[in-house]
Amino acid sequence: MEIRNLHPGEAPPMELLLLADPSRKLVEEYLHRGETYVAVEDHRTAGVYVLLPTRPDTVELANVAVAEELHGRGIGKSLVRHAVRTAKARGYRTLEVGTGNSSIGQLALYQKCGFRIVGVDFDFFTRHYEEEIYENGIHCRDMIRMSQDL
């Protein structure tokens with residue numbers, strides 16, 4: 001598997017990006033401000049992530065998504081680890097990520113990759129998303145904020 005920058009003029013894999021963030025409007029907004037990386041396996045896009053500069057010395061891992069049929073193969077972990085290495089190489093000192101309170105698998109993944117919970121943005125998803133989100137039988141309301149010193 002190869003992880004690389006999205007080529008100039010190459011369309012971002014919206015179907016994957018929308019798996020991790022159901023708001024097309026928000027995804028399109030941060031795609032223009034961030035750097036998109038894709039995981040390519042057997043000539044197809046297996047996963048994607050976006051690095052979004054937020055403050056001096058800080059970058060956010062704004063979206064991590066893996067094709068549903070490829071879940072459980074370690075692609076997500078590879079993407080997150082690649083994001084950590086890339087952020088370090090770019091001179092960032094802090095990498096942040098936010099995920100829903102209902103995103104049990106993602107919360108575990110990020111902690112396995114060295115992130116720690118630093119806060120909660122209460123009612124983030126009810127304020128910023130038109131439709132209610134449910135995952136794992138849980139109403140997704142709050143953004144769990146996580147961070148890693150690089």
Side-chain angles (χ1 to χ4, degrees), residues 3 5-6 8 10-39 45-150:
I3 300 175
N5 276 90
L6 199 65
E10 182 180 5
M14 286 302 288
E15 68 285 349
L16 286 180
L17 292 160
L18 291 171
L19 287 175
D21 187 338
S23 172
R24 180 176 289 275
K25 178 183 173 196
L26 290 177
V27 170
E28 288 174 349
E29 179 183 300
Y30 59 69
L31 279 176
H32 294 303
R33 296 183 293 125
E35 280 187 83
T36 304
Y37 293 82
V38 291
T45 302
V48 62
Y49 76 84
V50 179
L51 281 181
L52 180 63
T54 56
R55 297 183 303 282
D57 299 326
T58 303
V59 66
E60 180 178 356
L61 183 51
N63 188 312
V64 179
V66 174
E68 289 179 301
E69 66 275 11
L70 300 176
H71 285 190
R73 295 186 42 207
I75 295 170
K77 187 179 284 187
S78 294
L79 288 166
V80 173
R81 288 184 173 158
H82 187 272
V84 170
R85 289 191 308 273
T86 301
K88 274 185 194 178
R90 298 271 160 87
Y92 290 103
R93 302 181 98 183
T94 305
L95 179 59
E96 298 176 331
V97 67
T99 194
N101 61 281
S102 57
S103 300
I104 297 166
Q106 291 86 336
L107 286 165
L109 169 65
Y110 295 135
Q111 290 178 85
K112 288 176 186 178
C113 291
F115 288 87
R116 298 188 66 195
I117 296 171
V118 295
V120 178
D121 188 345
F122 292 102
D123 293 316
F124 177 89
F125 293 98
T126 55
R127 285 192 322 267
H128 297 286
Y129 291 77
E130 292 179 14
E131 293 185 29
E132 291 186 339
I133 301 169
Y134 284 86
E135 293 176 292
N136 303 303
I138 302 167
H139 186 199
C140 182
R141 300 172 65 173
D142 306 320
M143 172 79 75
I144 307 300
R145 297 284 182 186
M146 306 178 86
S147 181
Q148 180 175 150
D149 292 332
L150 300 174

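Sequence positions, counted from 1, serve as the residue numbers for this chain. All of these numbers come straight from a predicted model, not from anything done at the bench.
- Remark: the backbone N or O of L26 is paired with a side-chain donor or acceptor of S23 at under 3.5 angstrom.
- In this structure, A87 and L95 approach most closely via the heavy-atom pair CB-CD1, 4.4 Å.
- To the nearest 0.5 angstrom, Y49 atom OH is 7.5 Å from L79 atom CG.
- Proximity of I3 to V38: side-chain heavy atoms (C-beta onward) are nowhere separated by under 4.5 Å.
- The minimum heavy-atom distance between V118 and S147, with the atom names listed, is CG1-CB, 3.8 Å.
- Scanning all heavy atoms of the two residues, the minimum distance from D123 to T126 falls at O-OG1, 2.9 Å.
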Verify side chain to side chain contact (heavy atoms under 4.5 Å, CB included) between L17 and M14, making sure each step is shown before the conclusion.
CA-CA 5 Å; L17 292 160; M14 286 302 288; 4.0 Å; yes
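- Dense packing is recorded around CD of E69, with more than 12 heavy atoms of other residues, nucleotides or ligands lying under 6.0 Å away.
- Put simply, the side chain of P22 does not reach to within 4.5 Å of the side chain of E131, judged on heavy atoms.
- At least one side-chain heavy atom of V64 sits under 4.5 Å from a side-chain heavy atom of Y110.
- Distance CD/E68 to CD/E15: 11.0 Å, rounded to 0.5 Å.
- Side-chain contact between L61 and V80 is present, with heavy atoms from C-beta onward closer than 4.5 Å.
- No hydrogens or angles considered: a donor-acceptor pair under 3.5 Å links the side chains of E35 and Y37.
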Test salt bridge (Lys or Arg N to Asp or Glu O under 4.0 Å) on R55 and E96 and set out the steps.
CA-CA 11 Å; R55 297 183 303 282; E96 298 176 331; 2.7 Å; yes
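- One distance of note links CG of L150 with CZ of R93; it measures 10.0 Å at 0.5 Å rounding.
- F115 has its side chain within reach of V97: a pair of non-hydrogen atoms, C-beta onward, lies under 4.5 Å apart.
- Taking CG from N63 and CG from L19, the interatomic distance works out to 9.0 Å, rounded to the nearest 0.5 Å.
- At least one donor-acceptor pair under 3.5 Å links the side chain of H71 to the backbone N or O of V66.
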Carefully, step by step, assess V59 and T94 under the rule side chain to side chain contact (heavy atoms under 4.5 Å, CB included).
CA-CA 6 Å; V59 66; T94 305; over 6 Å; no
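- Seen from the ring of F124, R145 counts as a face-on cation partner, given the 6.0 Å and 45° thresholds.
- When side chains are defined from C-beta on, Y129 does not count as touching C140, because their heavy atoms never get closer than 4.5 Å.
- With hydrogens and angles ignored, the 3.5 Å screen pairs a side-chain donor or acceptor of R127 with a backbone N or O of F122.
- Here L109 contributes atom CG and K77 contributes atom NZ; the two are 7.0 Å apart, rounded to the nearest 0.5 Å.
- Using a 4.0 Å cut-off between charged nitrogen and carboxylate oxygen, E29 and K25 do not count as a salt-bridge pair.
- Under the 3.5 Å distance criterion, the side-chain polar atoms of N101 are matched with a main-chain donor or acceptor of H139.
- Defined by atom type and a distance below 3.5 Å, a donor-acceptor pair is present between the side-chain atoms of S102 and E135.
- Within the 3.5 Å criterion, the main-chain N or O of H82 finds a donor-acceptor partner in the side chain of T86.
- Rounded to the nearest 0.5 angstrom, T36 OG1 and L51 CG are separated by 9.0 Å.
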CA sep, side-chain torsions, deciding dist, call: R116, Q148, side chain to side chain contact (heavy atoms under 4.5 Å, CB included):
CA-CA 6 Å; R116 298 188 66 195; Q148 180 175 150; over 6 Å; no
Passes side chain to side chain contact (heavy atoms under 4.5 Å, CB included), E60 versus T54? Steps please.
CA-CA 7 Å; E60 180 178 356; T54 56; 3.8 Å; yes
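- The nearest pair of heavy atoms linking L6 to A11 is CD1-O, 4.0 Å.
- Taking every heavy atom of both residues into account, G34 and P53 meet most closely at CA-CD, 4.4 Å.
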